[in-house]
Amino acid sequence: MKRWMAAAALVTWGAVVPAQEIPMIDVHMHFQVAKGILPANAAAGAVDSMNRLGITRSLLMPPPQMDPRQRGFHDLADLQSAVRGNADRFALLGGSALNALIHQTPADAVDEAVKARFRQQALDYVKQGAVGFGEIALLHLSLPAMGDTHPYESVPGDHPLLLLLADIAAEQQRPVDLHFDLVPEDMPLPDTLRANAANPDRLTANGDAFKRLLAHNPKATIIWSHVGFEPLLTRHPERVRQMLKAYPNLYMSFRLNRSAPRPAAALDPSGRVKPQWLALIGEFPDRFMLGSDAFYGPGGSERGATEEGLQNLRNLVAQLPPDVARQVAHDNAVRLFRLQP
């Protein structure tokens, strides 16, 4: 490990291994809904981008939606129809119905009937071929860059249905993909997020409840998405290190849309991966994956990850030693989601 960390300090942009030689799996992507309908040719647009970047397979999931009546609400069955003819390039997660139940059911209203309904929905996903459950939101801030209808969602990490989902995930050996904007302590809403009225003026600390979720069932695989660039920039390397050490069932997927000087942003202002992040990946090479958060339409990524953000993932792979790069880009996803060749 020490030799790897010493080498990481000497890494230059794209110098360790030719990027296109290592296949990538994108473990977190979506289809963009146009006028409330999934475009029939979104899969083709996604495959074009995947071919260009050397992404052999993408894990497609619905974004975290709270209301089945909302325009554009979709789930696993809709995604299956959308990828027909390209099924070898995608694996699917189901989650919209579960996310809606979690957010529409107060914790003290969760009775045995609600639990039975929730469990049946999760098992239905498994029967339909889902490789995991997601995207599920704990705290999901509304981002001005995603439009004024981008949802704000908040539920405690130890909500009874989330604890039940962890149990089901362990039983069925299906990972849970979580969107969780970490608030380490009570804080005012950053000015950059005030344009969207859905966000509250103050944010309440939510880390302890999340830790209770992680500890509830150590056999449940939890994937905390979007590390490397988040709206609050609170997941800095030392905090990530502490969490990975404390919870062996916790994994993370990188989203690298932009650079920023704060430590929680994995890219520096010049676009290189910061040395402390390279060292952290080397310390936990089996715990990181790549998740673009791209919303694909007919012309490629139309929202979320930009073309630059997608290329940043490829550039991250290029800066890692070949064995570590292969784990992060490909092998960890195959192992955790039990993907077939």
Side-chain angles (χ1 to χ4, degrees), residues 27-28 61 63-64 66 93 95 98-108 110 118 122 132-143 151-170 174-190 193 199-200 202-255 262-264 266 280 284 287-289 291 293 336:
V27 302
H28 189 110
M61 65 191 77
M66 292 189 295
L93 283 74
L98 297 180
N99 193 69
L101 273 170
I102 292 167
H103 285 271
Q104 292 178 357
T105 310
D108 58 5
V110 176
F118 187 88
F133 305 111
E135 180 181 2
I136 306 298
L138 276 62
L139 176 63
H140 181 283
L141 293 168
S142 179
L143 305 182
Y152 168 82
E153 306 176 36
S154 180
V155 68
D158 57 356
H159 186 286
L161 292 181
L162 283 169
L163 300 182
L164 175 58
L165 181 57
D167 290 336
I168 297 169
R174 300 295 196 280
V176 179
D177 183 286
L178 292 181
H179 182 120
F180 176 52
D181 296 326
L182 174 65
V183 184
E185 57 208 12
D186 293 356
M187 61 185 286
L189 183 74
L193 301 177
N199 293 320
R202 290 193 62 82
L203 302 176
T204 303
N206 57 14
D208 288 344
F210 178 55
K211 292 176 181 178
R212 288 192 286 273
L213 171 62
L214 295 173
H216 172 72
N217 191 326
K219 294 183 179 180
T221 296
I222 305 295
I223 300 171
W224 188 1
S225 295
H226 312 326
V227 72
F229 196 87
E230 309 163 288
L232 297 179
L233 290 175
T234 52
R235 214 184 325 174
H236 57 71
E238 186 52 38
R239 178 169 283 134
V240 170
R241 176 178 284 106
Q242 292 170 2
M243 293 291 288
L244 293 177
K245 285 183 176 180
Y247 302 100
N249 58 331
L250 177 63
Y251 299 80
M252 301 192 189
S253 65
F254 276 104
R255 175 180 64 185
R262 287 178 59 181
L280 186 61
F284 299 95
R287 308 285 286 281
F288 290 102
M289 294 172 290
D293 202 27
L336 294 178

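Each residue takes its place number in the sequence, starting with 1.
Residue D293 holds its CG atom at 9.0 Å from CE of M61, rounded to the nearest 0.5 Å. In this structure, NZ on K211 lies 11.0 Å from CG on N206, to the nearest 0.5 angstrom. We find the CG-OH distance between L244 and Y251 to be 10.0 Å, quoted to the nearest 0.5 Å. Taking CE of M243 as the reference point, atom CE of M252 lies at 6.0 Å (rounded to 0.5 Å). Distance check: L161 CG to I102 CD1 gives 6.0 Å after rounding to the nearest 0.5 Å. Note that the CG atom of L336 and the CZ atom of R287 stand 10.0 Å from one another [nearest 0.5 Å].
Residue E185 qualifies as open at atom CD: its count of foreign heavy atoms under 6.0 Å is 12 or below.
Remark: side-chain polar atoms of H103 are paired, donor with acceptor, to backbone N or O of A137 under 3.5 angstrom. Put simply, the side chain of D186 gets close to the backbone of A205: a donor and an acceptor are under 3.5 Å apart. A donor-acceptor pair under 3.5 Å is formed between the side chain of N249 and the backbone N or O of L214. A donor-acceptor distance shorter than 3.5 angstrom exists from the side chain of N199 to the backbone of S142, with no hydrogens or angles considered. Side-chain atoms of R241 never come within 3.5 Å of backbone atoms of F284 as a donor-acceptor pair (strictly under, hydrogens ignored).
Of all heavy-atom pairs between G157 and L138, the closest is CA-CD2, 3.6 Å. Here the closest non-hydrogen pair linking S253 and G291 is CB-N, 3.9 Å. The nearest pair of heavy atoms linking E135 to P64 is OE1-CD, 3.2 Å. The two residues E230 and T234 have their closest heavy-atom pair at OE1-N, 4.4 Å. Taking each heavy atom of T105 and H159 in turn, the nearest pair found is O-NE2, 2.7 Å. Of all heavy-atom pairs spanning F254 and G228, the tightest one is CD2-CA, 4.2 Å.
For the pair V240 and F288, the minimum side-chain heavy-atom distance is below 4.5 Å. In this structure, the side chains of L141 and L203 come closer than 4.5 Å at one or more pairs of heavy atoms. Within the 4.5 Å cutoff, no side-chain heavy atoms of H236 are placed close to those of R262. Counting only heavy atoms from C-beta outward, the side chains of I136 and L162 approach each other to under 4.5 Å. Between P263 and P237 there is a side-chain heavy-atom pair separated by less than 4.5 Å.
In summary, of the residues considered (E153, H179, H140, Q104), a side chain to side chain donor-acceptor pair (under 3.5 Å) with N99 occurs for E153 alone.
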Would you check, one step at a time, whether the test side chain to side chain contact (heavy atoms under 4.5 Å, CB included) holds for F133 with I168?
CA-CA 10 Å; F133 305 111; I168 297 169; 4.1 Å; yes
Show your reasoning for whether side chain to side chain contact (heavy atoms under 4.5 Å, CB included) applies to H28 and R255.
CA-CA 9 Å; H28 189 110; R255 175 180 64 185; over 6 Å; no
Is there a side chain to side chain contact (heavy atoms under 4.5 Å, CB included) between R212 and H216? Walk through the geometry before answering.
CA-CA 6 Å; R212 288 192 286 273; H216 172 72; over 6 Å; no
Working for side chain to side chain contact (heavy atoms under 4.5 Å, CB included), residues L213 and L163
CA-CA 6 Å; L213 171 62; L163 300 182; 4.0 Å; yes
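Ring geometry, F180 versus F210: the interplanar angle falls from 30° to 60°, so the pair is classed tilted.
Residues D181 and H226 have side chains that never bring a donor and an acceptor to within less than 3.5 angstrom of each other.
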